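Data block below; observations after.
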Amino acid sequence: MDVPVRHPWPTTPREAEAIQDRLRPLLDLTGPGSDEPRTVAGLDVSYAEGSDLLAAAVVVLDAATLKPVEESVVIGTAAFPYVPGLFAFRELPALVEALEKLSVTPDLLVCDGHGLAHPRRFGLACHLGVLTGLPAMGIAKTPLLGSYDPPGEDRGSASDLRDNGEVVGRALRTRDGVRPVFVSAGHRIDLDTACRHALALSPRFRLPETTRRADRLSRQALRDS
DNA sequence: GCGACAG
DNA sequence: ATCTTGTCGC
């Protein structure tokens, strides 16, 4: 697939924040949400211990059956140090390269991290959404910011994640009695729709099949490198 | 000032 | 993210 939007690569955290602030207005958050996607892509990155090697993986699933349609992996290096709030700059180049190798264009991107639940409202899912133009959402294992009431113990229970009163995401229980995941909108999707997709993608485990498949693929690629 | 802090 | 033994619970 094509990734049309490009921007200069930052050297310093200050430059990185400036890029986020410049891309932020390009977000489309007005839409009702992506209507039933036919294909959903999961993205994840694994890192090597000693070196700065990494493996970025994209797995496209049939949204109805959750069966893989296409896979793409890229071996690369960390493009930025890990800084909370600037996490996207670390793995964006490799993820974009993996996306470009796909022969199909997925209808939705599910990122391993946050979208709007971010200090400048521009997490990885927002960034990837703007670069690709595709609907994108984030599903993170832990919150980066915000507060929330513990959701009910049943799968499907949810409570808003608020940052200074603003709803930036949702703590969503994808399995009975298991700690929730944190869902946020990235681009061209609303929070309710994102949570609906998160649940549909997680019929059995805490994490969505998209993330699980991408995680497995990226680890395997790193081993085989 | 101190702690927290996606992966 | 990744390094890692044992341990608790279903």
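On a predicted model such as this, the values are computed, not experimentally measured, just so you know. Naming: A, B, ... by sequence-line order, numbering from 1 per chain.
- Although no hydrogens or angles enter the test, the distance criterion places a donor-acceptor pair under 3.5 Å between the side chain of A/W9 and the main chain of A/A79.
- Enclosure of atom CZ in A/R216 is not indicated, since only 12 or fewer non-hydrogen atoms of other residues, nucleotides or ligands lie within 6.0 angstrom.
- Among the heavy atoms of the strands lying under 4.0 Å from A/L86 is at least one base atom, whether or not backbone atoms are also near.
- Residue ring and base: A/Y82 counts as stacked with B/dG7 (centre distance below 5.5 Å, interplanar angle below 30°).
- Remark: P of B/dG7 and CG of A/L128 are 15 Å apart, rounded to the nearest angstrom.
- No side-chain heavy atom of A/V40 sits under 4.5 Å from any side-chain heavy atom of A/H197.
- Within 4.0 Å (heavy atoms only), A/L145 reaches no atom of the nucleic acid at all.
- Counting only heavy atoms from C-beta on, A/P84 has its side chain closest to B/dC5 among B/dG7, C/dT2, B/dC5.
- At least one side-chain nitrogen or oxygen of A/S46 sits closer than 4.0 Å to the OP1 or OP2 atom of C/dT2.
- Distance A/H118 NE2 to B/dC5 C1': 11 Å, rounded to the nearest Å.
- The phosphate of B/dG7 has neither OP1 nor OP2 within less than 4.0 Å of any side-chain N or O from A/Y47.
- Remark: C1' of B/dA6 and CG of A/L116 are 14 Å apart, rounded to the nearest angstrom.
- Using a 4.5 Å cut-off on side-chain heavy atoms (C-beta onward), A/R38 and A/D62 make contact.
- Residue A/L131 holds its CG atom at 10.5 Å from CG of A/L95, rounded to the nearest 0.5 Å.
- Rounding to whole angstrom units, NE2 of residue A/H114 and C1' of B/dC5 are separated by 11 Å.
- For the pair A/L222 CG and C/dC3 C1', the computed distance is 14 Å after rounding to whole Å.
- A/R90 has no side-chain polar atom (N or O) that falls below the 4.0 Å cut-off from OP1 or OP2 of B/dA6.
- Here the P atom of nucleotide B/dA6 and the CG atom of A/L207 are 15 Å apart, to the nearest Å.
- When the side-chain nitrogen and oxygen atoms of A/K141 are compared with OP1 and OP2 of B/dG7, one or more of them lie within a distance under 4.0 Å.
- Distance, A/F87 CZ to B/dA6 P: 9 Å, rounded to whole Å.
- Between A/E91 atom CD and C/dA1 atom C1' the separation is 9 Å, expressed in whole Å.
- Among the atoms of the strands shown, base atoms are found under 4.0 Å from some heavy atom of A/G85.
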